[in-house]
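Here is the structure we will look at.
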Amino acid sequence: MEAPAAAHSPAEPGPLGNRVEIVVNSPEQMGELGRRLAKLLRAGDLVMLSGELGAGKTTLTRGLGAGLGIRGAVTSPTFVIARVHPSLGDGPPLVHVDAYRLGGGLDEMEDLDLDVSLPASVIVVEWGEGKVEELTDDRLQVLIHRAVGDTTDEVRQVTVTGLGERWASVDLGVLSA
């Protein structure tokens, strides 16, 4: 039996920016959300992913990588901090960063040269809150919420918020299609 389609609320502007909420019922739907998100992204975009351990941040990034047509398997970069996945076509490379083990702000991340990579790449940062906001005022913040504790529940509540001029007129509602 096929899982029900992801539920959503329409995209709405707000004081924090352009926002949409989506209910995702499986890892497959999370990957599909990443593929839809990739269609909205271009070089110079910063995507910040937040959520509990096991929420689906890397699964979303895998889908995003597939949608961007990048080379190489997207895996969690926890121990290497960052991975660059070149495009197989004429699209931008994907820079996938896991800032979980980094305690400081952007200063601690300077060695990654994200400010240099940003104009030509799509940068996805897991656990980036309080660490990479200074890179650009224009960014997507993706919060993935899941039930915590002893549960096998696959349901996730995903909130995607577009901040800054870049995202003001983008229809994030297409993510819930």
Side-chain angles (χ1 to χ4, degrees), residues 3-70 74 76-77 82 85 91-100 114 117-119 121-148 153-177:
H8 69 281
S9 66
E12 55 188 58
L16 295 177
N18 185 7
R19 183 180 71 223
V20 66
E21 293 184 6
I22 306 155
V23 175
V24 175
N25 294 301
S26 68
E28 293 77 22
Q29 284 185 0
M30 187 66 77
E32 180 55 36
L33 175 59
R35 286 186 285 282
R36 287 193 306 271
L37 177 58
K39 293 177 184 176
L40 300 178
L41 297 174
R42 63 184 186 210
D45 285 339
L46 172 65
V47 180
M48 292 175 41
L49 301 180
S50 302
E52 298 90 358
L53 286 170
K57 296 178 294 295
T58 301
T59 300
L60 179 74
T61 306
R62 274 189 201 106
L64 202 154
L68 288 174
I70 55 97
V74 172
S76 179
H85 298 276
L94 171 66
V95 178
H96 184 200
V97 179
D98 187 332
Y100 183 74
L114 295 180
S117 300
L118 184 59
S121 306
V122 169
I123 297 181
V124 175
V125 182
E126 297 185 27
W127 306 97
E129 285 184 338
K131 300 173 184 171
V132 296
E133 289 91 339
E134 295 173 32
L135 283 173
T136 179
D137 291 333
D138 298 312
R139 62 187 176 275
L140 276 182
Q141 292 183 321
V142 180
L143 173 61
I144 305 171
H145 178 74
R146 70 173 181 98
V148 293
D153 191 355
E154 296 289 342
V155 176
R156 306 291 193 259
Q157 178 75 33
V158 181
T159 304
V160 180
T161 305
L163 299 171
E165 190 176 319
R166 155 77 172 101
W167 296 102
S169 61
V170 175
D171 180 10
L172 295 178
V174 301
L175 296 175
S176 54

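All residue numbers refer to positions in the sequence shown, counting from 1. Just so we're clear, the structure is a prediction, and the values are computed from it rather than from any experiment.
Here the closest non-hydrogen pair linking P92 and S121 is CB-CA, 4.2 Å. For the pair N18 and W167, the tightest heavy-atom approach, listed with the atom from each and the gap, is ND2-O, 3.1 Å. Counting all heavy atoms, side chain and backbone alike, V24 lies closest to M30 at CG1-N, 3.4 Å. Between S176 and I22, the closest heavy-atom pair is CB-CG1, 4.1 Å.
Rounded to the nearest 0.5 Å, atoms NZ (K57) and OG (S50) are 8.0 Å apart. Here the CG-CG distance, from L175 to L37, works out to 5.5 Å after rounding to the nearest 0.5 Å. For the atom pair CG of D98 and OG1 of T58, the computed distance is 6.5 Å after rounding to the nearest 0.5 Å. The OG1 atom of T59 sits 8.0 Å away from atom CD1 of I144, with the distance rounded to the nearest 0.5 Å. Taken to the nearest 0.5 Å, the CG atom of L143 stands 9.0 Å off from the CD atom of E21. Note that CZ of R146 is 9.5 Å distant from CD of E154, once rounded to the nearest 0.5 Å.
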Please assess T161 against V20 for the test side chain to side chain contact (heavy atoms under 4.5 Å, CB included), listing each intermediate value before the final yes or no.
CA-CA 7 Å; T161 305; V20 66; over 6 Å; no
Verdict with reasoning, L46 to L140, per side chain to side chain contact (heavy atoms under 4.5 Å, CB included):
CA-CA 6 Å; L46 172 65; L140 276 182; over 6 Å; no
Intermediate values then yes/no, side chain to side chain contact (heavy atoms under 4.5 Å, CB included), L40 and D171
CA-CA 9 Å; L40 300 178; D171 180 10; over 6 Å; no
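Checked against side-chain contact (heavy atoms from CB on, under 4.5 Å), E28 has the following partners two or more places apart in sequence or in another chain: S26. Remark: R166 pairs with R42, D45, D138, V170 by the side-chain contact (heavy atoms from CB on, under 4.5 Å) rule, at least two apart or across chains. For Q141, there are no side chain to side chain donor-acceptor pair (under 3.5 Å) partners at least two apart in sequence or on another chain. T159 is linked by a side chain to side chain donor-acceptor pair (under 3.5 Å) to nothing, counting only residues two or more places apart in sequence or in another chain.
Within the 4.5 Å cutoff, no side-chain heavy atoms of V122 are placed close to those of V95. Using a 4.5 Å heavy-atom threshold, the side chains of T61 and L94 count as touching. A 4.5 Å side-chain heavy-atom check between V47 and I123 finds every atom pair outside the cut-off. R19 is not listed as a side-chain neighbour of L172, based on a closest heavy-atom distance of 4.5 Å or more.
Put simply, the side chain of R156 never gets that close to the backbone of H145: no donor and acceptor are under 3.5 Å apart.
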